[in-house]
Asks: 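One structure follows; several queries about it will come next.
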Amino acid sequence: MVQVSVTVDGQRRTDEVEPRLLLVHYLRERLGKVGTPVGCDTSNCGACTVHLDGKSVKSCSVLAVQADGSEITTIEGLADGEWHPMQTAFKECHALQCGYCTPGMIMAAVDLLNNNPDPSEDEIRAGLEGNLCRCTGYHNIVKAVQSAASQPASVGGVQ
Amino acid sequence: MTETVERPARENAVGQPLRRKEDARLVTGRTNWTDNIVLPGMLHMAVLRSPMAHARITRVDVSPALARPGVVAAYSGADLGDANGSIPCVWPVTDDIVMPPHRCLATDEVRYVGDAVAVVIAGNRYEAADALEAIEVDYEPLPPVLEMPAALQDDSPLVHSESGTNKCYTWEFAGGDYEAAKAKADRVFTRHYVNQRLIPMAMEPRAVVANPTGPGGEITLWSATQIPHVLRLLLALVTGIPENRIRVIAPDVGGGFGSKLQLYREEVLAVVIANRLGRPLKWTESRSENAQVTHHGRDQLQEIELAVTNEGKILGLRVDLTANMGAYLHIITPGVPILGAFMFNSIYKMEGYSFSCTGVFTNTTPTDAYRGAGRPEATFAIERIMDDLAAELGVDPIELRRRNWIKHEEFPYTTISGLEYDSGNYEAATERALELLGYDELRREQQERRDRNDPVQLGIGVSTFTEMCGLAPSRLLGSLKYVAGGWEHATVRVLATGAVEVVTGSTPHGQGHVTAWSQIAADALGVDVDAVQVIHGDTGTSPYGMDTYGSRSLVVGGMAVVAAAERVVEKAKLVAAHLLEADPGDLEYKDGAFSVKGSPGSSKTIQEVAFEAFTAHNLPDGVEPTLQANSTIDPATFSYPHGTHLCAIDIDTETGMAKIRKYVCVDDIGKVVNPMIVEGQIHGGLAQGIAQALYEEVVYDAEGNLVTGSLVDYLVPAAPDLPSFVTDRTETPSTTNPLGVKGVGEAGTIASTPAVVNAVVDALRPFGVDDIRMACTPERVWRAINDAKSRGGERVAEGTVAYGGATTDSTAGGAS
Ligand code: FES
Ligand code: FES
């Protein structure tokens with residue numbers, strides 16, 4: 001057993017974990033952060049994407065112990081009182097159907113805009129390459145990211 | 001109390017692109033996936049699967065696993081004895097169909113890689129998975145048979161030796177007289193197409209949690225399923241547990257596309273073993289397991305023949321299918337290709353039709369419904385051959401279709417396969433699509449690029465489709481030997497406070513039922529959309545239902561909501577008339593309130609009536625307390641959406657790379673409840689249909705190992721692989737339901753595959769290429785061009801040549 005100390009969605013946690021425990025299972029099974037789902041076992045789908053010290057990572061490709069000392073934000077901690085503009089944009093643009101890919105998609109899209117605040121359609125598509133959605137055909141996901149990029153200040157707020 | 005203020009007129013909710021009620025939870029991670037569920041004392045199950053496609057099991061010993069840390073129990077099929085139930089097939093399409101047993105755990109032989117052999121139950125998922133390796137199994141390898149033509153040979157190894165054959169059934173059907181039509185024809189045009197096997201790959205893998213100690217002593221099963229109601233019935237039949245002692249809940253479900261329209265072994269095992277141990281039990285599928293054992297879709301070899309005049313008028317159609325069942329029959333495996341039988345004739349008029357389908361067992365994952373189920377396969381074949389025939393005759397592919405389709409003034413029209421299409425306007429949808437694509441312009445550009453030998457060639461593909469959906473008419477399903485009906489149930493209640501509950505048997509998994517049903521009920525009752533709560537997906541709270549598949553929810557389940565709401569209004573009218581001291585016949589109901597015609601001053605709102613119905617202090621004689629009503633709807637006919645899809649594609653002839661330049665679709669799904677949701681359904685459907693054309697295909701190696709067993713090898717398209725879509729609608733209302741709506745869930749998938757492949761082939765016809773097998777990967781496209789080039793641009797032989805990969809006899813065809 002190894003000790004990990006992390007801050008998850010603003011809460012400090014210290015736990016003893018098995019060295020092989022994946023970050024996503026630590027989040028889901030130890031911390032009850034079930035908003036972050038698992039969609040594959042080969043790090044291809046991106047459903048498990050969270051922010052680790054502000055950068056998006058696939059939490060199934062990181063061991064819990066590797067996150068020691070880090071700050072983690074999941075979909076559950078993204079809203080800061082008000083929804084993040086990306087959450088609003090996903091709802092407004094109907095960028096989700098079943099919603100299974102949505103937490104990862106939103107976390108990846110937020111990171112994408114942090115790196116490139118004004119992306120072209122091609123840049124959005126390329127930037128989300130690591131996140132699979134089986135429901136939407138990506139059309140409205142692209143629109144949502146464009147919408148969030150175009151009006152960062154005005155799209156916040158709970159709908 | 002009598003309300004005297006003017007009530008503001010309410011705007012209809014139906015037709016509005018209302019944002020979804022579902023989304024607030026989903027975008028903030030407040031979700032309810034089955035794998036999220038944790039119960040006190042919950043155990044975890046892991047399944048040991050066969051590493052061989054075909055072998056005799058000579059010994060299974062689970063006892064070494066029991067010594068592993070955390071292990072509570074382990075079972076082989078023999079250990080479970082009578083409790084090792086068999087998954088039923090509920091669609092025995094012929095009287096002499098071969099239906100071998102499909103035990104939860106294989107006991108005598110394993111028949112595909114992934115076949116379940118034993119299970120371990122442990123304290124957590126890691127311990128359960130670790131202990132699998134301790135189970136001892138001795139296999140005696142048997143030769144596998146993977147290809148359908150080989151499986152039909154007399155000397156083939158048998159997937160089920162006791163059956164004496166790999167043939168599951170042959171189902172035949174005729175409309176008119178094909179031979180007579182053929183005799184009159186100027187020419188007969190035959191093609192062979194391969195509709196490859198696909199993996200549905202819903203993003204949420206399957207998961208189950210069984211709790212044997214429900215509050216009423218019942219066993220509760222949470223499952224990532226499309227069909228909680230059907231599942232409860234099937235579980236009762238397989239396990240012997242009385243139906244009324246089983247509760248099935250489908251919580252948030254992360255997509256299905258047919259793959260969760262099933263009774264799976266793990267569902268039965270979880271119930272049986274949780275009951276036996278008296279403790280809650282969870283199983284969550286890994287993605288690799290999902291690829292291997294969750295049922296696959298498609299997988300047909302298609303021979304299709306058109307008897308035509310020299311002008312391209314279709315006189316007759318003959319279809320001969322070979323359909324891969326896989327190693328076992330799942331619940332509707334044999335019926336999937338039969339659903340397509342009525343759709344090969346599509347939107348075209350003809351005099352004779354002959355259809356035959358042979359189902360074949362192979363040592364591969366079982367197949368069953370995948371988005372469209374039989375209809376994408378049919379649409380692919382007919383729309384491919386229409387483009388090929390147009391090229392053969394030197395006619396524009398749109399013009400060829402015009403010469404043959406049902407004209408809008410001919411509806412209602414009874415097709416050669418006996419279905420009555422209620423409405424449609426193929427001309428209008430096609431005109432609009434041509435305009436949106438800029439068809440004439442692109443044809444000119446195509447010619448220009450051909451003339452100057454542009455290394456990047458342009459292709460334009462056409463698909464004019466219709467489909468039968470809204471799987472319902474119980475009598476018709478019965479006549480096809482499907483053992484259940486296709487009705488749907490709803491309850492509408494106005495509670496004491498005026499809050500509205502809609503209970504639906506149609507269980508969503510991403511389609512937005514909660515929002516759409518709220519819109520429908522709000523309009524029918526004249527209340528706010530936000531006043532409506534939709535209850536679904538739990539046999540404890542929505543006891544009747546036939547669930548969600550076959551684009552049936554709105555046209556069947558939605559109509560039950562409409563009918564139940566109308567009954568609520570009827571009952572409320574009796575109460576309101578009593579309160580207003582008027583004759584019910586003199587009342588009118590508008591915007592949620594009853595008033596006496598001609599004197600709108602005094603009125604009773606539905607909320608006031610609901611409170612009266614609750615207190616029951618002053619009800620008219622013979623009227624029961626509470627304001628609620630049920631409806632069970634069984635439509636008399638299917639729903640027939642249609643549309644025209646056009647694809648323009650750029651093909652780099654040096655690399656074989658295909659890139660969609662523009663995709664236009666104009667769908668006619670009648671009236672629309674929520675256009676935003678409809679567009680989303682179309683987009684997602686297009687993505688899956690395009691994926692079949694360009695990216696996805698299941699590959700097995702010669703031993704029967706699934707080569708495409710993960711998202712690394714099985715190419716579910718990502719955002720850069722797809723274009724933005726140009727979508728539009730024409731609106732020809734259905735005449736068979738009160739809202740004039742048609743189904744939409746599968747339309748995009750059904751229509752798009754042939755549009756894309758037609759575009760690829762169209763780009764390459766000048767090279768002498770007239771078919772490319774799906775998926776049209778760069779390698780296949782490149783080979784097709786180069787094989788044709790090396791022949792000097794001449795066709796090898798008349799008819800179809802399929803290229804690339806593991807080409808077998810079955811994938812090469814010839815024209816007669
Ligand atoms: S679960 Fe698929 S990438 Fe992490
Ligand atoms: S919304 Fe279902 S997978 Fe993306």
Asks: Step by step, would you call B/His509 with A/Cys98 a side chain to side chain contact (heavy atoms under 4.5 Å, CB included)?
Replies: CA-CA 6 Å; B/His509 40 284; A/Cys98 79; 5.8 Å; no
Asks: Quick one: what part of B/Pro723 sits under 4.5 Å from any heavy atom of chain A, side chain, backbone, both or neither?
Replies: backbone
Asks: Considering only heavy atoms, which portion of B/Leu722 lies under 4.5 Å from any heavy atom of chain A: side chain, backbone, both, or neither?
Replies: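 Both backbone and side chain of B/Leu722 come within 4.5 Å of chain A.
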Asks: Between A/Ser43, A/Gly127, A/Gly99, A/Ala95, which has the largest tally of heavy atom pairs under 4.5 Å with chain B?
Replies: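 If we count pairs closer than 4.5 Å to chain B, A/Gly99 comes out on top.
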Asks: Between B/Thr28 and A/Glu76, is the side chain to side chain contact (heavy atoms under 4.5 Å, CB included) condition met? List the steps.
Replies: CA-CA 6 Å; B/Thr28 54; A/Glu76 295 173 59; over 6 Å; no
Asks: Who wins among B/Gly255, B/Ser288, B/Pro720, B/Pro205 for the most heavy-atom pairs under 4.5 Å with chain A?
Replies: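 Most pairs with chain A among the choices: B/Pro720.
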Asks: Check A/Arg20 with B/Asp130, please: is the shortest side-chain N to carboxylate O separation under 4.0 Å?
Replies: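 Salt bridge between B/Asp130 and A/Arg20, a charged N being under 4.0 Å from a carboxylate O: yes.
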Asks: Identify which of A/Leu132, A/Ile141, A/Thr42, A/Thr102 forms the greatest number of heavy-atom pairs closer than 4.5 Å to chain B.
Replies: A/Leu132
Asks: Between B/Arg287 (side chain only) and A/Asp41 (backbone N and O only), is there a donor and an acceptor less than 3.5 Å apart?
Replies: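 No, the answer is negative, given that no donor and acceptor are paired below the 3.5 Å cut-off.
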Asks: Got a salt bridge between A/Glu29 and B/Arg125, using NZ or NE/NH1/NH2 to carboxylate O under 4.0 Å?
Replies: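 So A/Glu29 pairs with B/Arg125 through a salt bridge.
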Asks: Please work out whether the ring planes of A/His139 and B/Phe725 are parallel, tilted or perpendicular, with thresholds of 30° and 60°.
Replies: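 Geometry flag for B/Phe725 against A/His139: parallel rings.
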Asks: Identify which of A/Cys135, A/Gly137, A/Pro37, A/Gly35 forms the greatest number of heavy-atom pairs closer than 4.5 Å to chain B.
Replies: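 Option with the greatest count: A/Gly137.
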Asks: Take A/Glu121 and B/Ser724 through the side-chain hydrogen bond (donor to acceptor under 3.5 Å, both in side chains) test and state the conclusion after the steps.
Replies: CA-CA 9 Å; A/Glu121 174 174 345; B/Ser724 282; 2.9 Å; yes
Asks: Below 4.5 Å from any heavy atom of chain A, which atoms of B/Pro200 appear? Answer side chain, backbone, both or neither.
Replies: backbone
Asks: Walk me through it: do A/Met86 and B/Val27 pass the test side chain to side chain contact (heavy atoms under 4.5 Å, CB included)?
Replies: CA-CA 9 Å; A/Met86 193 64 77; B/Val27 300; over 6 Å; no
Asks: Contact part of B/Gln511 toward chain A, heavy-atom cut-off under 4.5 Å: side chain, backbone, both or neither?
Replies: neither
Asks: Tell me, out of B/Gly748, B/Ser710, B/Gly685, B/Gly254, who's got the most heavy-atom pairs with chain A below 4.5 Å.
Replies: B/Gly254
Asks: Rounded to the nearest 0.5 Å, what's the gap from OH on A/Tyr100 to CE on B/Met203? Could you check?
Replies: 8.5 Å
Asks: At what distance, to the nearest 0.5 angstrom, does SG of A/Cys93 lie from CZ of B/Arg19?
Replies: 7.5 Å
Asks: Flag the one option from A/Glu18, A/Met105, A/Lys143, A/His25 with the top tally of heavy-atom pairs under 4.5 Å to chain B.
Replies: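 Of the candidates given, the most pairs with chain B belong to A/His25.
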Asks: Quick check for you: among B/Ile677, B/Thr284, B/Ile690, B/Thr31, which has the greatest number of heavy-atom pairs under 4.5 Å with chain A?
Replies: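 Of the options given, most contacts go to B/Ile677.
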Asks: Main chain of B/Gly680, side chain of A/Gln97: is a donor-acceptor contact present, judged purely on distance under 3.5 Å?
Replies: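 At least one qualifying donor-acceptor pair exists.
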Asks: Quick one: do B/Asp721 and A/Arg125 make a salt bridge, cutoff under 4.0 Å?
Replies: no
Asks: Where do B/Asp23 and A/Phe90 land on the side chain to side chain contact (heavy atoms under 4.5 Å, CB included) test, with the steps shown first?
Replies: CA-CA 9 Å; B/Asp23 292 352; A/Phe90 264 61; over 6 Å; no
Asks: Would a distance-only check, ignoring hydrogens and angles, find a side-chain to backbone donor-acceptor pair under 3.5 Å from A/Tyr138 to B/Pro717?
Replies: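 Side chain of A/Tyr138 to backbone of B/Pro717: a pair is present.
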Asks: Answer with side chain, backbone, both or neither: which region of B/Arg20 has an atom nearer than 4.5 Å to a non-hydrogen atom of chain A?
Replies: both
Asks: Counting only heavy atoms closer than 4.5 Å, note whether B/Val253 contacts chain A via side chain, backbone, both or neither.
Replies: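 Backbone only.
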Asks: Could you report the tightest heavy-atom contact between B/Leu711 and A/Cys45, atom names first, then the distance?
Replies: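 That would be CD1-CB, 3.9 Å.
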Asks: Need one label for A/Leu78: side chain, backbone, both or neither, based on atoms under 4.5 Å from any heavy atom in chain B.
Replies: neither
Asks: Any salt bridge between A/Arg134 and B/Glu696, counting N to O under 4.0 Å?
Replies: yes
